[in-house]
Participant: 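Structure provided below as structure tokens; questions to follow.
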Number of protein chains: 2
Amino acid sequence: MQKITIEIEKAATIFKLFGDKTRLTMMKILDKHDCCVCELVEIFKTSQPAISQHLRKLRDLGLVKEERRGQWIFYSINKRNEYYPFIQQILEQLPSQDDKLKELEEQGTRISCC
Amino acid sequence: MQKITIEIEKAATIFKLFGDKTRLTMMKILDKHDCCVCELVEIFKTSQPAISQHLRKLRDLGLVKEERRGQWIFYSINKRNEYYPFIQQILEQLPSQDDKLKELEEQGTRISCC
DNA sequence: TCACTATATAATTATTTACTTATATATTGC
DNA sequence: GCAATATATAAGTAAATAATTATATAGTGA
């Protein structure tokens, strides 16, 4: 296995963000699928500002990146982040959250919105 | 690599604890060396109650265990914890904190106290 | 038993965090 | 340009967190 090291302080900063279930689930989802904000609002059944604020924290650390596509802003994992290998190793150990996206597709929410 | 999975919710709970630099460093130290509370107080240059409270949180999740040896109570990583493999993979990626213990030895604090 | 040391716990306080409500900005399609 | 939609941001609030101070408990050695 490759040896990755990250300063303790930086790791703690990342874990602080990962200590919230919503953000951690978001990271797991975004690691496999780009999502727009309104999809995440649907998935987490919470308010749009709450989602935006979570995304901002993740973005401030460079863990995710945004990309505007017309009316929508899509978020995805920033795989160029210096710490992505560290993060990836963690996310790999979490169970897939694909079912959450599948629900959206079944509802038709995914297509209609984004 | 072996495949370990942990529920997202449980992982977030662990990360919440790891989101504090003191606790994360503690975990890294305890993964290799048992320590008594007074050593940790020395290492982190903080109050004894603060250290005790951090240890309690880690213990409440079963991440560390305590063992009385005479006057002192030694803490160590609970390697029997269901999630230890997950935790171990994380701790492996953090830089060694052995220098902190070495400092104590040089000061003589380690021996005199414990 | 008593003084001393190590540790835990309780209560208080200050800080941080996450959410809500309200509002601003940007894009689309008419 | 205007209405509608998507998103961000600001301000306020409630809840959670971490530290401090004070006190309790437990072991040691005289």
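Throughout, a chain's letter reflects where its sequence line sits, starting with A, and its residues are numbered from 1.
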Participant: Answer yes or no: side-chain N or O of B/Q48 and base N or O of D/dT21 forming a donor-acceptor pair under 3.5 Å.
Facilitator: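 Looking at the base of D/dT21, it does not pair with any donor or acceptor on the side chain of B/Q48 (distance under 3.5 Å).
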Participant: Is it true that A/R56 and A/D60 make a salt bridge, defined as a side-chain N closer than 4.0 Å to a carboxylate O?
Facilitator: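 Answer for the salt bridge query: yes.
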Participant: Output yes when at least one side-chain N/O atom of B/R56 is less than 4.0 Å from OP1 or OP2 of C/dA8, else no.
Facilitator: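 Answer no for this pair, as no side-chain N or O of B/R56 is under 4.0 Å from OP1 or OP2.
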Participant: Take A/A50 and B/I51, find for each the nucleotide of DNA chain C with the closest heavy atom, and name the residue whose nucleotide sits nearer the 5' end.
Facilitator: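 The residue mapped nearer the 5' terminus is B/I51.
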Participant: What integer distance in Å separates B/E66:CD from C/dA6:P?
Facilitator: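 Going from CD in B/E66 over to P in C/dA6 covers 17 Å.
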Participant: Taking the side chain of A/R23 as heavy atoms from C-beta outward, which of C/dA10, C/dA18, C/dT7 is closest to it?
Facilitator: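 Shortest atom-to-atom distance from the side chain points to C/dA18.
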Participant: Whole-Å distance between C/dA8 C1' and B/R68 CZ?
Facilitator: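 Going from CZ in B/R68 over to C1' in C/dA8 covers 10 Å.
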Participant: Mind checking if A/R69 touches a base, just sugar-phosphate, or nothing, with heavy atoms under 4.0 Å?
Facilitator: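 The residue A/R69 makes no contact with any strand.
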Participant: Between A/T22 and B/I73, which is nearer to the 5' end of DNA chain C once each is assigned its nearest nucleotide?
Facilitator: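 Closer to the 5' end of DNA chain C: B/I73.
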Participant: Are the charged groups of B/D34 and B/K65 less than 4.0 angstrom apart, N to O?
Facilitator: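 No, B/D34 and B/K65 are not salt-bridged.
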Participant: Whole Å only: how far is the CZ atom of A/F44 from the P atom of C/dC19?
Facilitator: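 From A/F44 CZ to C/dC19 P: 11 Å.
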Participant: Could you check how far CZ of B/F74 sits from C1' of C/dT7, rounded to whole Å?
Facilitator: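 After rounding, the gap between these two atoms is 13 Å.
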Participant: Could you state the atom-to-atom distance from NZ of A/K45 to P of C/dC19 in whole Å?
Facilitator: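 Rounding to the nearest Å, NZ of A/K45 and P of C/dC19 are 16 Å apart.
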Participant: In whole Å, I'd like the distance from the CZ atom of A/R59 to the P atom of D/dT9.
Facilitator: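 Spelled out: CZ on A/R59 to P on D/dT9 is 6 Å.
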Participant: Base, sugar-phosphate or nothing for A/K57? Non-hydrogen atoms, less than 4.0 Å.
Facilitator: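 Sugar-phosphate contact only.
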Participant: Ignoring hydrogens and geometry beyond distance, is a side-chain donor-acceptor pair present between A/S52 and A/Q48 at under 3.5 Å?
Facilitator: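 Side chains of A/S52 and A/Q48: pair found under 3.5 Å.
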Participant: For B/H54 and D/dT17, is the shortest distance between a side-chain N/O and OP1 or OP2 below 4.0 Å?
Facilitator: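 Negative; the distance criterion is not met.
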Participant: Respond yes when some side-chain nitrogen or oxygen of A/S47 is under 4.0 Å from OP1 or OP2 of C/dT20, and no when none is.
Facilitator: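 Result: yes.
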Participant: Please give, in whole Å, the distance from C/dA18 P to A/D20 CG?
Facilitator: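 Distance check: A/D20 CG to C/dA18 P gives 5 Å.
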Participant: Measure distances between side-chain N and O atoms of B/Q71 and base N and O atoms of D/dA26, and say whether any donor-acceptor pair falls under 3.5 Å.
Facilitator: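 No pair found.
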Participant: Quick one: which of D/dA8, D/dT20, C/dA8 gets closest to the side chain of A/Y75?
Facilitator: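 The answer is D/dA8, which lies nearest to the side chain.
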Participant: Let me know the distance between CG of A/L17 and C1' of C/dA18, rounded to the nearest Å.
Facilitator: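 About 13 Å, once rounded to whole Å.
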Participant: Do we see a donor-acceptor contact under 3.5 Å between the side chains of A/D31 and A/Y84?
Facilitator: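 Their side chains do contain a donor-acceptor pair, which is all the 3.5 Å distance test asks for.
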Participant: Is any NZ, NE, NH1 or NH2 atom of the basic residue among B/E66 and B/R68 found under 4.0 Å from an Asp or Glu carboxylate oxygen of the other?
Facilitator: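 Looking at B/E66 and B/R68, the cut-off is not met.
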Participant: Is A/K28 paired with A/D98 through a side-chain N to carboxylate O contact shorter than 4.0 Å?
Facilitator: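 Not counted as a salt bridge, because no side-chain N and carboxylate O are separated by less than 4.0 Å.
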Participant: Answer yes or no: side-chain N or O of A/Q53 and base N or O of C/dT17 forming a donor-acceptor pair under 3.5 Å.
Facilitator: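 Absent.
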Participant: Compare the minimum distances between each of D/dA8, D/dA6, D/dT17 and the side chain of B/K16, then state the nucleotide with the smallest one.
Facilitator: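 Looking only at side-chain atoms, B/K16 lies closest to D/dT17.
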